[in-house]
Amino acid sequence: MGNKQTIFTAQQLDSYQDCTYFTRKEILRLFDRYRDLAPQLVPLDYTCQPDVKLPYELIGSMPELKDNPFRQRIAEVFSDDGEGNMTLDDFLDMFSVLSEMAPRDLKAYYAFKIYDFNNDDFLCKSDLEKTLNKLTRNELTEDEVRMVCEKVIDEADLDNDGRLSLEDFQTMIVRAPDFLSTFHIRI
Amino acid sequence: MAMLFATWKHCVYVFATGLEDEVDTFQEEHERERHRGKRRDGERAKKKKRANGERRKRASNVGQEEEKLQARREKKGRRKRSSSDQQAEGREGDEAEQPTTKSSKAAKTRKNVKNEKTRKVEKEEKEDEADDEERNAKRKKKHGSNKKEENVEDGNKHTVKEKAGEVKKKKHKKVVETSSEKETSEEEDNEEEDSEEKEVRPETLTPEELETLKEAVDERKKLIQGLRGKPWAMKKKLVTLRESQEFVEKYEGALGKGKGRKLYAYKVMMTKKWMKFKRDFENFKTACIPWEMKIKEIESHFGSSVASYFIFLRWMYGINMILFCLTFGLVMVPEALMGRPYGTIPRKTVPRAEAPSAMDFAVLWDFGGYAQYSVLFYGYYNNQRAIGWLNAYSYMVVIRTMARNANESGVGDDNSFNFSWKMFTSWDYLIGNPETADNKFASITTIFKEAILEEQESRKDDNIHLTRFLRVLANFLVLCCLAGSGYLIYFVVRRSQKFALDGLENHTWWERNEVNMVMSLLGMFCPMLFDVISALENYHPRVALQWQLGRIFALFLGNLYTFIIALMDEINLKREEEKIVKFNITTWEASLYNISASENSTAPPVTIQPADVPRGPCWETMVGQEFVRLIISDTMTTYITLLIGDFLRAVLVRFLNYCWCWDLEAGFPSYSEFDVSGNVLGLIFNQGMIWMGAFYAPCLPALNLLRLHVSMYLQCWAVMCCNVPQERVFKASGSNNFYMAMLLVILFLSTLPAIYTIVTIPPSFDCGPFSGKKRMFDVIQETLESDFPTWFSKVFSSASNPGLVLPFILLMVLAIYYLQSTSKSYKEANVDLKKKLQTQNEENKKKNKLAALKAQMDLEEARKAASPSAEHPKNNNASPDQEADEEEDRGRGQRMYHSKNGRSPPPPRHDGHLPATRAPVPRNYHHGNQGSAGYLPGFPRESEARMHRVPSLQRH
């Protein structure tokens, strides 16, 4: 079946399948998508593992991410360098986590990282405000934003340190009915 | 091979016990070396120097070892070796006495291990006695490094394990490659020791070591399995994967021994093959799911709710595919192959009177003519028993899916995280279309504003009386609509019967297709009417949607049932007709007989063309025809609505916009939205009709399959090219089960009429599989009597007498009642528990708040007490009493082992354990204690002994 393609070795494909939630076909398709972003940069032969990174500008312009208010965060979280520049591995990783098959815990972990704008492992008020403003495109007044953030912290902060830790976030998110259906990207 | 085993064994022993033990082992080896002779010491030291480069991790240890070694060499001979050896021997003897069920080989291993331990103890003692300050300093240094390493180990057990694995691998490779005595690394020591051991022991592994190895391998396998769920970067995952795979590959084959080993290897191979097969199969399966890309595209354009319709459509397609296979395989194909061919018997032949027009398109379009007498309809069949399975299957599938969905949606109907959920889950990551994104942003904003308003409770109720009145009025209007549509259908069906009696040829196309057209039109316009009416009610959009769905459901259901009632009337008419025909036939046959008898008594009976035989009206075929027509016209209206309502509108809006006085795109007509709920309802009712009609027209599933196939493509195209995303995007989740529930209701309602007709109406006398029987279910009894052995029918008849059946039914009713009441109580308990949880949560919050406050106060105080370095831990939320608990625990542990240490010889059973299984965790923690107390000059031996005994104590 796959004798035609020489982009990856069979072993590479197998290990990618072990490390992601994708099938062989999907991995190849994702590679195509990745390559389509910059055909001149990405080689057609990945057997020798070339060191190629696509800049965030290209990643963020994908139709799947283009309209997402959190696209920059997503790219930053999943990229190795934290700047949003992605290798193919990062790229696969990102869509694996965002795929339908990924379990809730994994998704919750990465969702937390995405919403944690200042990378301090806590969702503090500034993170929440940023999230909310991105969600509503700054259409809420300052008072409203503050109130909503206070409500969120009041609801979800179980240890009362004024910010949400990963555990707080997980206990909150595992009970959310929509989380699994909305936190995924089909590609 | 033997050597390999020995090596493995040793590896497992050394490295699974952790690095600390390794160091001890080195010391031990040196001791032994000295026993044998100092000849090789220099050599080894050189080797070690070389090894330093290779194994940076333990370089410091080795370096110290070297120093120590030299120091020892200076003083060797001065020690009281003989006495210590004796002592060691004595201990050995003690241990040898312990009751053991293991093989001698295992015992030897243990002894060896013990030997090492005791000798080391002796050595330490020796060293302490020497009181050499320099050496003391050195040893302390060593212990410091040891501790450090252990800390690392405890902090990341995983890493260490991997490391250990790596080391093992390395060793293994070396042994395999050269297997010579002269290695360039310090591993050679181990190897040498191994070869020594090999001389003493049999070559295979002890069961415990096998166990450990097996565990390690299993752990690796688990790791590989769960790797994709680990939140690591891909690079790390890949590296771990490769390492684990190598590890598993190397050591898997070694497990098991003798005969068992072959079996094990075979098993491993088979699991590997099986995994590969599974993966390929998985790949294949995903490749087989149709329309995946189309749905994904729609999903990215319209969000998850529109896509849910298409997923539902695909699911329905799957079900119909199976239904079709069943009908086709079990009914149509056998009949077409094995039944008598067309034209052999009257029921399979077009009557003479209709023959000229039988191939006309108009007739065929109405499913008259050849179509009526074909395999498509009930009348054609001689024998038919499969339809019952269809409904059973459908019930099964729907109920199973519902249960699964209920499981999935069982979480999270409480309202405790209202705002958090809104904030973190309201964005639909699927959206990949700017317009949809705009809508989504807007809707999220309104949702937040509404929630804020609700929170502030500043919402004023405006004129409640008016709203109430309007709602009542709206419901009244809707009821009127429903009644009107019901009457209209009844009226139309009645009228069509009159037409049918007159003969269809005299009427126009409209008059012939009136029933179906009226039903489709009603189905098209009434929902719009409902929509207008519901504007009166001023409900929250979500509630309004539910009302709307309920009303449309009622409308469709009412229409369907009026249609069926009208059909019943028609059936009765046909049966009247049937009686007359029957009478005519008998006279016709009699006359035929008379003719043949009068002509020539010896001549063979005249063969009559089957086409000429008079026949009854066959009401079953008639019903089937009605259903097929209904479905065809329904499909047609759906498609036409799609084309006109969506496509034409979109075209007009798009192109007339250039020359119109207002903005058509933003203003009144605009583009249409995709109506998820309406479409789903349509689909469900269509399915209901299929289930209902499948008994009379086995071709219906095939027809439906075709329809679904076409509508998949057509709707995908239409939605992408001429619809705009919904302004208000509703949650897709949760509604799935609602659809399923409707499907189940429809399924039930659609089987009712079929069962009713089967039970009450006698089948027609000259067509269909049940011809000539009094009731359709008589066939069951007949089969029982003719096809099964006599005892079976006896059992059956005795089981079916009322004396048995009635208690059985009673029992079932009771069981149902019981189950229902228990489920109710469970539900109540569930609600109670939820409440409790919530209150608990709140209490916890309060408590935590207090604790946090207290901690803060403490912190302040501590600061005031001028300890600038006292940084409170980052995680100050851990409640202080918990910490106190931990403290207490630790104290207790200490006490415990102190008391146990009182016994001078260690409990022998601890030695039965392989050192390999020593958990590294407790060691570190005792080490910590030891650091403070263990090296008092007064208690050197005890501290050292404790160090080695405690881990095993901890395990019990």
Largest heavy-atom contact set with chain B, pairs under 4.5 Å, which of [options]:
options: Ser15(A), Ser96(A), Pro69(A), Cys149(A); result: Pro69(A)
options: Ile173(A), Val148(A), Thr131(A); result: Val148(A)
options: Arg71(A), Gln12(A), Glu144(A); result: Glu144(A)
options: Asp14(A), Ile114(A), Ile74(A); result: Asp14(A)
options: Ile185(A), Leu135(A), Leu164(A); result: Leu135(A)
options: Met101(A), Met62(A), Gln17(A); result: Gln17(A)

Is [X] salt-bridged to [Y], going by a charged N under 4.0 Å from an acidic O?
X: Asp116(A); Y: Lys113(A); value: no
X: Arg163(A); Y: Asp127(A); value: no
X: Arg73(A); Y: Glu76(A); value: yes

- Message: Looking only at heavy atoms and a cut-off of under 4.5 Å, which of Asp280(B), Leu853(B), Leu241(B) has the most pairs with chain A?
- Response: Leu241(B)
- Mind checking whether Phe95(A) and Tyr21(A) have side chains closer than 4.5 Å, heavy atoms only?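 Of all side-chain heavy-atom pairs linking Tyr21(A) with Phe95(A), none is under 4.5 Å.
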- Item | Heavy-atom side-chain contact between Lys276(B) and Lys272(B) under 4.5 Å | no
Side chain, backbone, both or neither of [X] within contact of chain A (heavy atoms, under 4.5 Å):
X: Gln245(B); value: side chain
X: Phe448(B); value: side chain
X: Lys847(B); value: neither

- Step by step, would you call Phe8(A) with Phe31(A) a ring pair (Phe, Tyr, Trp, His ring centres under 6.0 Å)? CA-CA 10 Å; Phe8(A) 301 108; Phe31(A) 173 76; 5.4 Å; yes
Segment of [X] engaging chain B (4.5 angstrom heavy-atom cut-off):
X: Phe78(A); value: neither
X: Ile27(A); value: neither
X: Asp80(A); value: side chain
X: Phe22(A); value: neither
X: Glu139(A); value: both
X: Ser99(A); value: neither
X: Phe179(A); value: both

- Task: Could you pull out all residues at least two apart from Tyr429(B) that satisfy side chain to side chain donor-acceptor pair (under 3.5 Å)?
- Result: Tyr115(A)
- Thr23(A)-Glu26(A) side chain donor-acceptor pair, cut-off 3.5 Å: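 Yes, a side-chain donor-acceptor pair sits under 3.5 Å.
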- Item | Check: Thr182(A) side chain, Thr425(B) main-chain N or O, donor-acceptor pair, under 3.5 Å |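 Yes: the side chain of Thr182(A) pairs with the backbone of Thr425(B).
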- Item | Full working for side-chain hydrogen bond (donor to acceptor under 3.5 Å, both in side chains) between Thr47(A) and Asp45(A) | CA-CA 6 Å; Thr47(A) 44; Asp45(A) 178 22; 2.5 Å; yes
- Apply the test ring pair (Phe, Tyr, Trp, His ring centres under 6.0 Å) to residues Trp427(B) and Phe441(B): give CA-CA distance (whole Å), side-chain angles for both, the deciding distance (0.1 Å), then the verdict. CA-CA 8 Å; Trp427(B) 182 258; Phe441(B) 281 124; 4.9 Å; yes
